[in-house]
Every structure is written in structure tokens, then in C-alpha cells.
Amino acid sequence: MTATVNLAPAGLKPRTRHPAWAAFRRAVTRKPGRLAGLIIIVFFILLAICGPWFYGSLSVDPNELYAPPSAKHWLGTDFAGSDVLQEVVTGARYVLATAALSALFTSLFGVTVGLVAGYQRGMTDSVLMRLTDFVLTIPGLPLLIILSTVWSFGSPWEMGLVLGITGWGGVARAVRSQALSLRERGFLEAARGLGLSRRHIIVKEMLPNIAPYAAMQLMLSVIGFIGAEVGLFFLGLVPFSSTNWGVMLNQAVFSGGAMETSSALIYLLAPLVCILLLTLGIVLFLDAIDELFNPRLRERV
């Protein structure tokens, strides 16, 4: 009969170890830039989730056109008398939700197709890669212009779905390459030798090894999709059915005269600064993600 010896001091509970959380905390706090990136990302996420709850619907005041920054209007007002800060806050939800959904759809489709094609090879690989090639040839911009005659893109789901469906081809190609190299590893040969099912090998054995790469692609996709959706609204290629940063840029330039008068300069700069800050935050945080999932970088530290 064996007895369990408790080495913890009397009166103190033994500490519970969370290796994943400890590694994440070390990777983020190792450099101030990474921590700053995480803070920026969390700030914009909270802004998108909670901001519209406090501001509510956008108000218009014809008596305060182009009002300068003040205690009432921290960033002044635009050409319609609307509070610029309120437009930035309410517009953040659409921009971030669309980018997140687009990146989610892209990762979901791309990782699934790439894993199955890389593991199966043969006819399945050929069919899935021809489908991927077809998706890569779809011109996303003309497709969105055509769909804008049917959809108003008032919901982030609509634009996120279209951007995600047309954007997963590159991820699928990259994941397939990773899957092909993994397929010949010893642990997968052992799994096949043990008679494990194909689904178990792909989901339980291959997917965890692809997950770090997919996480990097997910965050990089967010940057690309933010630029894409803001650019579409700025160029006026989709209807203005919602308030977002792209609509602000379009109206500041083409309706507010921001290129001709300094009165509308804040209205133009406010969404631009938000986009730059959010992009900077993601790039800084990617450094931590890279170290977290890359064993070679961890060994150098």
C-alpha cells in the first residue's frame, strides 16, 4: 500500500499548473511591443462590442456642422453635424465583425480543403486542387460589385461570407503543402499502422500540428480583409447601408470636402488612425504568436 506525500506547506493549497497559459504569458510579456499589440487588439474588440451600447443611434445636428473638438464632441462633428467619435465607435463593430468572419470562413474552408487534399492525395487531391484553382481565379472585386445589386451588405455576415468564400484558395494551397510534409512523418505512419480512422488522423493528429500555421494565417487575413472592405466602401462600390470606417472615408473625401478644407480633416483622419493602430497591434502581436508556436524561436530565447 502506498501513501501520497503532500509537499505543499501547511495551510497552502498546491498550485495548479497551466503550461499553455504560462507559455502564452511569457511570449507576450517578453517584449513590450507584443504586450502593446495585445492591448491594442483587446481595446478595439471591446470598442466594437461595447461601444455601440453606450452611443446608440447616430444623431444629426444641423446647427453644429464642422464643430471643432470640445468637451461635448471630443473629435468634433462632420459635415452633417454628427459626432465623429460616435461614428468611429459605431463603425468599429461592422469593420471588425466583417474582418473576423471573413478570416474565419477563409481558415475554415482553406484548412479543411488543404488537410484533406494533402492527406488523401490521388484523385481527391486533384479534384480539390482544381476547385482551389477555380476559387483563386474568381475576381473578388467584380463579384462584390455584381452582388451589391442584390445584397445591401448591411450585415457583416453578408460581406464576410463573400470575402471568405473568395479568399480561401491561398490558405488551402499553403496548408496542403504543410500536410504533404506531415504525411510522411513517423507518428502518422504509426497512426496508420495502428489502424486509426482517417478522420481521427486528420482531426486529432494533423490538425494540431497545422493549428499554429492556421492561427498565423487567420490574423494575417484579418489585416487583408480590413483593407479590402474599407477600400470597397471608400470607392463607393457597395451601397452605404451601414456606418463604418470606409463610409466615413468616402464621405469625408467626396461629400465633406476633406481634400479642400481643413474643417473636415479630423473626420478623414479618425478612421485612418484607427485602421493604422489596429494593423499595428496585429503585427506586433503576431511576433508573440510566432514565438509561441515556433520551437526554433523558443530555443533561441
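- Residue pairs that meet the salt bridge (charged side-chain N to carboxylate O under 4.0 Å, His left out) test with at least one member in residues 68-96, sequence neighbours left out, are E64-K72.
- The shortest side-chain heavy-atom distance between Y267 and L249 does not fall under the 4.5 Å cut-off.
- The structure places CD1 of I41 at 11.5 Å from CG of L277, a figure rounded to the nearest 0.5 Å.
- Within 6.0 Å of the CZ atom in R198, the count of heavy atoms belonging to other residues, nucleotides or ligands does not exceed 12.
- Connection of L128 to V135 is established within a shared hydrophobic cluster, with ILVMFWY side chains joined at heavy-atom distances below 4.5 Å, either directly or through further cluster members.
- Rounded to the nearest 0.5 Å, atoms CD1 (I202) and OG1 (T112) are 9.5 Å apart.
- What you find for V111 and V171 is that their closest heavy atoms are N-CG1, 4.3 Å.
- Counting non-hydrogen atoms of other residues, nucleotides and ligands closer than 6.0 Å to CZ of R199 gives a total of 12 or fewer.
- A99 approaches I226 most closely through the heavy-atom pair CB-CG1, 3.5 Å.
- Atom CG in L104 sits 7.0 Å away from atom CG in L218 (nearest 0.5 Å).
- Side-chain atoms of Y119 and L182, non-hydrogen and from C-beta on, never get closer than 4.5 Å to each other.
- Residues satisfying the ring pair (Phe, Tyr, Trp, His ring centres under 6.0 Å) test with F234, not counting sequence neighbours, are F254.
- With sequence neighbours left out, Y94 forms a ring pair (Phe, Tyr, Trp, His ring centres under 6.0 Å) with F233.
- When side chains are defined from C-beta on, R173 counts as touching M129, because their heavy atoms get closer than 4.5 Å.
- The shortest distance between side-chain heavy atoms of S197 and I201 does not fall below 4.5 Å.
- Note on I146 and F134: separate hydrophobic clusters, where clusters join Ile, Leu, Val, Met, Phe, Trp and Tyr whose side-chain heavy atoms are under 4.5 Å apart, directly or indirectly.
- A salt bridge is absent between E184 and R192: the closest approach of a Lys/Arg side-chain nitrogen to an acidic carboxylate oxygen does not fall below 4.0 angstrom.
- Here the side chains of T106 and I165 are not in contact, with every heavy-atom distance at 4.5 Å or above.
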Evaluate the criterion side chain to side chain contact (heavy atoms under 4.5 Å, CB included) for residue pair R176 and D125; output intermediate values, then yes/no.
CA-CA 9 Å; R176 174 180 173 270; D125 182 26; 2.8 Å; yes
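- Annotation for V84 and A270: closest pair CG1-CB, 4.0 Å, computed over non-hydrogen atoms.
- Counting heavy atoms from C-beta outward, T98 and W157 have side chains that stay 4.5 Å or more apart.
- The aromatic rings of F285 and F24 sit perpendicular to each other, their planes meeting at more than 60°, with 30° as the lower class boundary.
- Hydrophobic clustering, defined by side-chain heavy atoms of Ile, Leu, Val, Met, Phe, Trp and Tyr closer than 4.5 Å, leaves L65 isolated from every other such residue.
- L220 and L136 are members of different hydrophobic clusters when ILVMFWY side chains are connected at heavy-atom separations under 4.5 Å.
- Taking all atoms of both residues into account, the shortest heavy-atom contact from L180 to G118 is CD2-O, 3.4 Å.
- Note: M159 CE to S102 OG = 8.5 Å, rounded to the nearest 0.5 Å.
- Between T90 atom OG1 and L85 atom CG the span is 9.0 Å, to the nearest 0.5 Å.
- By the side-chain contact (heavy atoms from CB on, under 4.5 Å) test, L276 pairs with no residue at all, sequence neighbours left out.
- Aromatic ring orientation, F109 versus W168: perpendicular (interplanar angle above 60°, classes split at 30° and 60°).
- No chain of hydrophobic side-chain contacts below 4.5 Å, direct or via other Ile, Leu, Val, Met, Phe, Trp or Tyr residues, connects L280 to V230.
- Between L131 and V113, the closest side-chain pair of non-hydrogen atoms is not below 4.5 Å.
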Apply side chain to side chain contact (heavy atoms under 4.5 Å, CB included) to V127 and R130, showing your working.
CA-CA 5 Å; V127 172; R130 296 297 80 76; 6.0 Å; no
Would you check, one step at a time, whether the test side chain to side chain contact (heavy atoms under 4.5 Å, CB included) holds for V175 with L115?
CA-CA 6 Å; V175 170; L115 274 178; 4.2 Å; yes
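- In this structure, C274 and V88 have side chains that are in contact, with non-hydrogen atoms separated by less than 4.5 Å.
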What side-chain donor-acceptor pairs closer than 3.5 Å can you find for residues 32-40, not counting sequence neighbours?
{"unit_1": "R34", "atom_1": "NE", "unit_2": "D287", "atom_2": "OD2", "d": "3.0"}
{"unit_1": "R34", "atom_1": "NH1", "unit_2": "A27", "atom_2": "O", "d": "2.8"}
{"unit_1": "R34", "atom_1": "NH1", "unit_2": "E291", "atom_2": "OE1", "d": "2.7"}
{"unit_1": "R34", "atom_1": "NH2", "unit_2": "D287", "atom_2": "OD2", "d": "3.3"}
{"unit_1": "R34", "atom_1": "NH2", "unit_2": "E291", "atom_2": "OE1", "d": "2.9"}

Apply the test side chain to side chain contact (heavy atoms under 4.5 Å, CB included) to residues L278 and L96: give CA-CA distance (whole Å), side-chain angles for both, the deciding distance (0.1 Å), then the verdict.
CA-CA 10 Å; L278 182 57; L96 266 68; 3.7 Å; yes
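- L286 and L284 sit in two unconnected hydrophobic clusters of ILVMFWY residues. Membership requires side-chain heavy atoms under 4.5 Å apart, directly or through other members.
- When every heavy atom of V162 is checked against every heavy atom of T166, the shortest pair comes out as O-OG1, 2.9 Å.
- Taking both residues in full, the closest heavy atoms of G169 and T132 are given as O-CG2, 3.3 Å, listed atom of the first, atom of the second, then distance.
- The distance from the CG atom of L161 to the OG atom of S155 is 10.0 Å, given to the nearest 0.5 Å.
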